[in-house]
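Step one of this worksheet: look at the structure below.
Side chains are part of it too, since the values below use all heavy atoms of this structure and drop only hydrogens, waters and symmetry mates. Chain A is the first sequence line, chain B the second, and so forth, proteins listed ahead of strands; every chain is numbered from 1.
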Amino acid sequence: MSLAPSMTTTNEKQFIGTRQPRLEDEVLLRGQGRYGDEVPTPPGTLYAAIVRSPHPHARLKAVDSSRALEMDGVHGVLTGEDVRQWALPFPVGVRQPMEHWCLAVDKVRYVGEPVAVVIAENRYLAEDALSGVTVDYETLPVAVDTEFAIESGAAILHEKVGGNVVSDRTFRYGDPETAFAEADRQVSIKVRFPRSSCMPIECYVVLAQFDPANSAFDITSNFQGPYALHSVMCRALQVPANRLRLRTPPESGGSFGIKQGVFPYVVMMGLAARKVGAPVKWVEDRLEHLQGASSGTNRVSTLEAAVTREGRVTALRLDQLDDCGAYLRAPEPATTYRMHGNLTGAYAIRNLAVRNRIVMTNKTPTGLNRGFGGPQVYFPLERLMQRIAVELDLDPLDVIRTNLVPKGAFPYRSAAGSLLDSGDYPAGLEKGVREGGLEELIQRRDEARREGRYYGIGYTAAVEPSISNMGYITMAFTPEERKRAGPKNGAVSTATISVDPLGSVSVHVSSTPQGQGHQTVAAQIVAETLGVPLESISVNVELDTGKDAWSIASGNYSSRFSGAVAGAVYKAALKVRARLAALAAEQWNIDSDDIRFSEGRVYVEGTDQSSSFHRLAGATHWSPGTTPQSEPGGLRETAFWTPPELEAPGDDELINSSLCYGFIFDYCGVEIDAITGAVRIDRYVTLHDAGRMLNPQLVDGQIRGGFAQALGAALMEEFVYGADGNFQSGTLADYLIPTSVEVPEPVILHMETPSPFTPLGAKGVGEGNNMSTPVCIANAVADALETRDVELPLTPSKVRILMGIEEPPRPEGVGEPETEATASSGSRLRARDSVELPGTPNEVFDALLNPQTLAAIIPGCHGLEMTGENEYRADVTVGVGMIRARFDARVSLHDLNPPDSLQLRGYGSSAMGSAEAFATVTLTALEGNRTRLDYDYEATVGGRIASVGGRMLQSASKMIIGQVFSRFSRRMGGGTSRFLFLQRLWQRIRALLTGKGGPS
Amino acid sequence: MHLKADTRHRVTVTLNGRERAGYAEPRTLLSDFLRHELGATGTRVGCEHGVCGACTVLVDGRASRSCLMLAVQAQGRDLQTVESLAREETLNDLQQAFRKHHALQCGFCTAGILISSTEFLTRVSRPTETQVRDMLSGHLCRCTGYTGIVNAILEVAETRDHEVSGPTDKEQENNNV
Amino acid sequence: MKPATFDYTRPGTRREACDLLHEFGDDARLIAGGQSLMAVLNMRFAQPGLLIDIAGIQDLHYIEDRGDYLAVGAGITQAELLEHPGLAEKVPLLAQAMPWIGHAQTRNRGTVCGSIAHADPSAELPLCLTALGGEVVLEARKGKTRKLPAHEFFQGILTTAKRTDELITEVRFPLGQGNERYRFREVSMRHGDFAIVALAVRICGDRTDLTVGGVADRPVRRSMTGNDARASWLNHFAWSLNAQDDAHASAVYRRHLVRELGSRLIDECSAQKDDTHAPQG
């Protein structure tokens, strides 16, 4: 282990490891934080709004922006044509003929995919002009379900690839075949991990400028790194790296990985600025963010374990099917490989077989998301451990105990190559059991069960990796491909400390924090190392690639701050201290080891002889001629640090995918409401060993925050897609983030086993609960219900159905028979109904062919013009209640079979989304010169309407389509016939019978 | 009064105790007016559909979503934003308690929460944790897990109550929320 | 997410407001608290030519006990009604149900009549009005008024009997009677969310009324008398509502809640002695 400052100096004041209030807070509490939207804009800045696809999969036939260009305040529209001319597609992390451009050029592949950028004088005007861009789409079949997408016959997103699987790799470590052959038992599980996101409250912001004289871009964005993506952006913009100056604002309103995904918009807005010759600013709105920003990867996993009678796992077989959405956006498929070295979790499992497939579907592309790859691994792994206990009739805690990496085995090389740096997992588990009160929880469960209540306990043991090896991403390549591409590895971090002529200390780190308190921790380290007051230190965390020290690993991800960046800060502080010590030693003619830094002064150890820090440091600026020859003058030190343990993967396919591995042991008790199925967390205990804690208050803050997000992922959060590819979680009333009422306070326990590989012994702690908590809750629910198949999110509806609902049958004549319209079929609605009309079928049929009739019966139809035989175009405004959308509609009649049947088709598009309906109309002659018109329809709604209106869509569509035929009925009958009166009477009777329409 | 679309109209409000005027179209959201016209950028915008609570300000003393209000609707009203809380050099007791209890990380939701809490503490002098959490449920925080926020508000309530009347029993669980 | 353009006007009187409604018809939208409309405007799902802000009409700002019912004017916010002294005694169901409406910050601006006008099938106030058999008072030009009972007013999803030239001036909640007991319960994904299922029970002697929100396209009330077998009555009710699936809950689950939670709530309500301090859920 490297030496920590408190061991090398005798400073009176210790900061490292103490609970310091944050330096960041005051500016934020005063409302003076400067986030992306508060970055000053140059005069003449224009504002962008984005035309997005309402379709999950369609060919782009034409993009016509001519109407938009004539609209008030519009300066230009950037389209795929411009992008083709000026840019390149983004580099892709697998070798496949697939292209991802910053704007769609040939097809759209997910709902919300950017198609054009309107640039206007303000955001209001830009949004006005979205409706002025006409996009002609030819819709295509979709591939939505991950497992269907890999079948032959599935719609293919990237035709040149020839299928939707863009990467298929297998790995073998140890001798899994023999272990399975010799196993006492085999236990398997198949699980689906859904899509969700940690969803920051601040959305994406980009402010872009283009300098034509130098062909250079200067772009400010709340990008979070990794700065390897700077290279990706440069490639797309076709500029060398020194022509893309990328800056971040002082504050970021949360990211949790998600703001990695802003990078395509950095490129897009750079091109937009080039298009209009002015600075362009874009502030993503929440609807854009939900449907199109980024998502965690959903995964289908099949796990098999070879197990001894005692519950010892001797081998694991994993099949992981990762759904990265419509494009493989860099750094994907990193989700799949971030955990590769530690796929065996906290367990000593020596034999491992893995198959990883990456699948493209018509969903939003995935990217970094707190816990990245972790919850996808631990959900199946820890569900499997629970199943082993159930199937072998063992205590689940004993199964965990039996398999943990033993004490004294560290550093421990896992089967797939992770070098677990330090820990004592068994001791951690026992501490958690003891101090978290497991015994009492078990008593509560027993008592609850005696009373017939549903109560369960779930456990999770996990390792939390931090400080990613940049080389793990190349695991998607074969060893041969890796050899051709050249090695990638390491995790370079950097920090700069300068002492100015007046002796005050400034620190710069390239860690782009999003609220974690990096300024405070950096200041703590520097204050302790240089013996200056904490408050006197200024820490700048803005990153400007044009003038700051940075490298590809810079940024805020993989919980790399406390291990790597803080370590670099410490290294830089040591360099500054060494120079100052040399100065003082020369001045006093003593050994520099005898210099002590304390409270803003520099002392001769063991004496009162001292000089002020600012005077000594100031000499390097004011009088460099008086300093020793070794002193170069000025005082600014940059430290770069990369750990040697992070090697590139070799031919053996071993990868130490992270530098540090913290240990987590969680358990919880949950009670499930017998009627509602609501899951209540009775107690949640989480033990963390993240090495040395630099600021325990901030550590607890990270744990609580991650826990709350994980609770959301476990119980309510999901990006829902219909089978038709429509996105259904389009508002924060649909995508549900836990509030203060839903989040309990976890019991947090700590252990500190320092890492031998980081300068300060610290490990990352930001992501652990995002990995461990979802499955811990799921295990508790599985225990409570004694069930195997728990799927996230565990909504009351889902849980209650899991408990079994024995539904009495539908009484005869009550309500309507169930249609096929279900949540899983998304926004596609099918139903049938009928009306009775005066007139013969021939008369009714003829009336339907009459354009005047059509114009009269389509609600909100303004002007219907014939465009062909039985083909019309109209401007239609429809809606329910206060909600109205105006559509450019096409209506046509098909399959004319007079006078028996025809098909009525309507398609409408608007900036709000699209709607399509097919109705098969059948006419049957009735007695007395009357006709019964049966209509059987299917309606599909897409785009924004579908993504925000899900709760009401079925009723609303039914109401609107019903209006068409009731208007027709009225028109045929003139509203006066005796028949209509009878029909109304019948409706009233029916309403009474079915209980609709008020009290009986 | 009939204000035409596409035209900017003068809107006068009392912002944090001072009369301020700016120009707004009928459709200009109060959140945009505060931030971009009056420069009160401490109020953040997180969803523009009334769910996240980041943009909450006091309108005539009542916590309200400024994204669900038009600037022209604020004409003549009293508005209070996060900028009003600190007195010159020092943070007020609520802000200090937030700092002490690590009740913020990224700080983006903080202004709205401070504002709602400000109103809440004037209405409920000695709240229970349940009441605090109920009030807070109108705000989404993605960083903290809410614990520090709840503790900070409870502590301020207790301190203020002591200052005013000395300790009292917990009360009015069913009132005033 | 910015609204499309519209004119804005703030009439000072009801008459002025009704004249404007008459003149502009469906091209105008009324705004009071705006807690539903503003989100819809921001998403551009409504693009009216004119917004008529009725907040400036002073004589709509009242809560009056008129002996049989509590009259709530169109200017009254949800917070004001909830804070109305004696609400728990006068209309116990409202006191139980209203804390479930959104959040304190939206109740501060959202109006009672606005929620009734919006007619969201999952919202609490339309449910209460239906459960209590309340009335809506509408006014059109030239002082023409009409009164509609809740079950005639709510016509379907977001759809009411209010004509485009009418203004809701008042809603009337019948006062609780001494021999009545009430119980409200809601199941939602989170605190403050729209109900997956919301239930209100009123028991008066032999008669039990159950009103269900969040399932059909409007709140639905039915009455059970001592002669009905409860389980089959509830099942009949549950199926009659044509429950649908959405992203958060299935139709099966909704029917289950109507049956099981409905039954539990009826039990709780029967066992309850005093309305005014019923726990909120």
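- With a 4.5 Å cut-off on non-hydrogen atoms, C:Ser36 touches chain A through its backbone and its side chain both.
- Per-residue heavy-atom pair counts under 4.5 Å with chain C were compared for A:Leu125, A:Leu715, A:Asp734, and the maximum is reached by A:Asp734.
- Contact check for A:Thr676 versus C:Arg185: side-chain heavy atoms found under the 4.5 Å cut-off.
- For the atom pair A:Tyr124 OH and C:Met1 CE, the distance stands at 11.0 Å (nearest 0.5 Å).
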Candidate pair A:Ile801 and C:Ser250, rule side-chain contact (heavy atoms from CB on, under 4.5 Å), full reasoning: CA-CA 9 Å; A:Ile801 285 167; C:Ser250 65; 3.0 Å; yes
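- In this structure, chain A has no heavy atom under 4.5 Å from any part of C:Asp209.
- Contact annotation for C:Arg264: only side-chain heavy atoms (C-beta onward) come within less than 4.5 Å of a heavy atom of chain A.
- Screening A:Leu287, A:Asp285, A:Ile945 for a side chain to side chain contact (heavy atoms under 4.5 Å, CB included) with C:Met43, the sole residue that qualifies is A:Leu287.
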Residue pair A:Ile805, C:Arg259: steps toward the side-chain contact (heavy atoms from CB on, under 4.5 Å) verdict: CA-CA 11 Å; A:Ile805 292 176; C:Arg259 285 188 298 262; 4.1 Å; yes
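- Residue A:Val283 does not touch chain C at all, counting heavy-atom pairs closer than 4.5 Å.
- Proximity to chain A is absent for every atom of C:Phe154, based on heavy atoms less than 4.5 angstrom apart.
- Both the backbone and the side chain of C:Pro3 come within less than 4.5 Å of a heavy atom in chain A.
- Between A:Met882 and C:Phe45 there is no side-chain heavy-atom pair separated by less than 4.5 Å.
- For A:Met952, the parts lying near chain C are the backbone and the side chain together; criterion is any non-hydrogen pair under 4.5 Å.
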A:Leu736/C:His248 under side-chain contact (heavy atoms from CB on, under 4.5 Å): CA gap, chis, key distance, verdict: CA-CA 10 Å; A:Leu736 305 178; C:His248 297 137; 3.6 Å; yes
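- Of all heavy-atom pairs spanning A:Pro808 and C:Trp239, the tightest one is O-NE1, 3.2 Å.
- Within the 4.5 angstrom heavy-atom criterion, no atom of A:Asp72 approaches chain C.
- The most heavy-atom pairs under 4.5 Å with chain A, out of C:Met189, C:Glu260, C:Gln47, come from C:Met189.
- If you measure heavy-atom distances from A:Leu130 to chain C, you find no contacts under 4.5 Å at all.
- Only the side chain of C:Arg29 has a heavy atom closer than 4.5 Å to any heavy atom of chain A.
- Using a 4.5 Å heavy-atom threshold, the side chains of A:Pro811 and C:Asn235 count as touching.
- With a threshold of 4.5 angstrom between heavy atoms, A:Glu807 approaches chain C through its backbone and through its side chain.
- For C:Leu257, the part sitting under 4.5 Å from any heavy atom of chain A is the side chain, from C-beta outward, and nothing else.
- Taking 4.5 Å as the limit, some side-chain heavy atom of C:Gln244 sits within range of a side-chain heavy atom of A:Ser955.
- Of the two parts of A:Pro793, neither the backbone nor the side chain holds a non-hydrogen atom closer than 4.5 Å to a non-hydrogen atom of chain C.
- We find that C:Asp26 and A:Arg884 are joined by a salt bridge, their nearest charged nitrogen and carboxylate oxygen being less than 4.0 Å apart.
- In this structure, the portions of A:Val880 lying under 4.5 Å from any heavy atom of chain C include both its backbone and its side chain.
- With a threshold of 4.5 angstrom between heavy atoms, A:Ile883 approaches chain C through its backbone and through its side chain.
- Taking A:Ala885, A:Pro809, A:Gly879 one by one and counting their heavy-atom pairs under 4.5 Å with chain C, the maximum is reached by A:Pro809.
- The closest side-chain heavy-atom distance from A:Met959 to C:Ile157 is below 4.5 Å.
- Only the side chain of A:Thr731 has a heavy atom closer than 4.5 Å to any heavy atom of chain C.
- At least one side-chain heavy atom of A:Ile737 sits under 4.5 Å from a side-chain heavy atom of C:Arg190.
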